[in-house]
Participant: 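Quick one: the structure is below, and I'll ask about it shortly.
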Amino acid sequence: MGRVEGKVAIVTGGAQGLGKADCEALVREGAQVMITDIKVAEGKALAAALNAVRAGSAAFMEQDVRDEARWQEVVAATVKQFGKLNVLVNNAGFVAPATPEATTLEQFKMHNAVMSEGTFLGCKYAIPAMQASGGGSIVNMASVATHLGYPIFFAYSAAKGAVRAMTKSIAIWCQMQKYNIRCNSLHPGATDTPMIEEANRLLGLTREFYTQSGPGLGQPEDVANVVVFLASDESRYINGAELLLDNGLTIQ
Ligand SMILES: NC(=O)c1ccc[n+]([C@@H]2O[C@H](COP(=O)([O-])OP(=O)(O)OC[C@H]3O[C@@H](n4cnc5c(N)ncnc54)[C@H](O)[C@@H]3O)[C@@H](O)[C@H]2O)c1
């Protein structure tokens with residue numbers, strides 16, 4: 001038996017980086033996964049690769065998480081194809097480094113639209129489907145940027161702060177309603193993905209900046225292992241929590 005055997009998951013931003021690792025780990029542990037992303041070719045290729053490992057384990061839908069109507073379509077299509085919904089990983093995200101003064105209002109709104117509004121919409125439309133499925137687990141990707149001052153990631157930190165806060169309200173609301181739905185946030189430090197490569201390029205940083213620091217650079221599977229744990233019933237008493245995945249960065 002896999003650790004999430006028989007569960008059905010949606011992973012946003014699943015075409016690359018942490019989302020891709022989440023999809024691979026969830027399928028390896030027995031789940032069926034609806035992969036969504038704005039990157040269509042990469043998402044389709046991942047679904048094909050996962051279906052080659054286990055037929056019927058994955059599907060892909062193009063989705064911009066800012067689009068409310070598309071969220072309703074993604075949830076409905078997932079339930080139609082796989083019969084239910086147990087897990088939502090609100091993973092889609094991006095970062096455009098800029099200081100508070102340099103950040104434009106447009107950039108600020110964009111970070112919040114993708115990460116704060118995208119996470120809100122995902123929860124809003126997944127909760128009824130999960131409830132109808134007997135319950136589930138929502139995993140919201142936040143960041144250590146919610147715990148530390150990161151002026152260079154100003155808008156990103158603000159959007160992730162909203163994700164951190166809404167996670168707790170969702171957890172308590174679902175408990176009050178006896179929905180049997182848990183909701184937790186994950187707070188990784190720097191992890192080796194295309195997002196970090198792009199941020200490094202924009203900031204003129206090299207991999208050595210991370211690899212020579214105490215915490216080092218996390219790997220996507222370090223996050224995916226925790227996503228599987230939170231998606232599984234092993235974590236049934238963890239609700240409204242914020243899990244730091246930073247090898248001690250925030251306690252230094
Ligand atoms: N890599 C890190 O160091 C790190 C650290 C902390 C938190 N995170 C968070 O983890 C999540 C995944 O990050 P990653 O490093 O894998 O990034 P990534 O850039 O490698 O992957 C992000 C994915 O999200 C997709 N995406 C972006 N905007 C979207 C939108 N509007 N709708 C749908 N999909 C969209 C992208 O196409 C991409 O496939 C993000 O929420 C990020 O903020 C990453």
Participant: With Lys20, which residues qualify under salt bridge (charged side-chain N to carboxylate O under 4.0 Å, His left out), at least two apart?
Facilitator: none

Participant: Counting C-beta onward and ignoring hydrogens, is there a side-chain heavy-atom pair between Val87 and Val8 closer than 4.5 Å?
Facilitator: no

Participant: With sequence neighbours left out, which residue pairs that include part of residues 201-238 fulfil the ring pair (Phe, Tyr, Trp, His ring centres under 6.0 Å) condition?
Facilitator: none

Participant: Where do Ala231 and Leu26 come nearest, in terms of heavy atoms and distance?
Facilitator: CB-CD2, 4.0 Å

Participant: Can you tell me which residue pairs pass the ring pair (Phe, Tyr, Trp, His ring centres under 6.0 Å) test with a partner in residues 6-49, sequence neighbours excluded?
Facilitator: none

Participant: Do Val139 and Asp22 come within less than 4.5 Å of each other through their side chains, counting heavy atoms only?
Facilitator: no

Participant: Testing the basics here: between Met141 and Val163, what is the closest heavy-atom pair and its distance to 0.1 Å?
Facilitator: O-CG1, 3.9 Å

Participant: Once salt bridge (charged side-chain N to carboxylate O under 4.0 Å, His left out) is applied, do any residues pair with Asp222, and if so which ones, sequence neighbours excluded?
Facilitator: none

Participant: side-chain contact (heavy atoms from CB on, under 4.5 Å) with Ala132: which residues, sequence neighbours excluded?
Facilitator: none

Participant: Taking only residues at least two apart or on different chains, which pairs with a member in residues 239-252 satisfy salt bridge (charged side-chain N to carboxylate O under 4.0 Å, His left out)?
Facilitator: Arg164-Glu242, Lys168-Glu242

Participant: How about Val144 and Leu244: do any of their side-chain heavy atoms sit closer than 4.5 Å?
Facilitator: yes

Participant: Salt bridge (charged side-chain N to carboxylate O under 4.0 Å, His left out) with Arg54: which residues, sequence neighbours excluded?
Facilitator: none

Participant: Hey, quick one: are Val89 and Leu85 part of the same hydrophobic cluster, counting side-chain heavy atoms closer than 4.5 Å, chains of contacts allowed?
Facilitator: no

Participant: Does anything in residues 85-107 form a ring pair (Phe, Tyr, Trp, His ring centres under 6.0 Å)? List the pairs, not counting sequence neighbours.
Facilitator: Phe94-His111

Participant: Taking only residues at least two apart or on different chains, which pairs with a member in residues 118-134 satisfy side-chain hydrogen bond (donor to acceptor under 3.5 Å, both in side chains)?
Facilitator: Glu68-Tyr125

Participant: Side-chain contact test, heavy atoms from C-beta onward, threshold under 4.5 Å: evaluate it for Met166 versus Ser116 and give yes or no.
Facilitator: yes

Participant: Could you give the distance from OG1 (Thr191) to CG (Leu217), rounded to the nearest 0.5 Å?
Facilitator: 7.0 Å

Participant: Taking the side chain as C-beta and beyond, is there a heavy-atom pair between Thr12 and Trp71 under 4.5 Å?
Facilitator: yes

Participant: Kindly indicate whether the side chain of Glu24, heavy atoms from C-beta on, has any atom under 4.5 Å from the side chain of Leu46.
Facilitator: yes

Participant: If the condition is side-chain contact (heavy atoms from CB on, under 4.5 Å), which residues does Leu203 pass it with, not counting sequence neighbours?
Facilitator: Pro97, Ile152, Phe153, Leu205

Participant: Please say whether more than 12 non-hydrogen atoms of neighbouring residues, nucleotides or ligands are located less than 6.0 Å from CD in Glu208.
Facilitator: yes

Participant: So do the side chains of Ser137 and Ile181 get within less than 4.5 Å of each other, counting heavy atoms only?
Facilitator: no

Participant: Sort and list the pairs that fulfil salt bridge (charged side-chain N to carboxylate O under 4.0 Å, His left out) and have at least one residue in residues 29-51, not counting sequence neighbours.
Facilitator: none

Participant: What residues, two or more places apart in sequence or in another chain, satisfy salt bridge (charged side-chain N to carboxylate O under 4.0 Å, His left out) together with Glu198?
Facilitator: Arg201

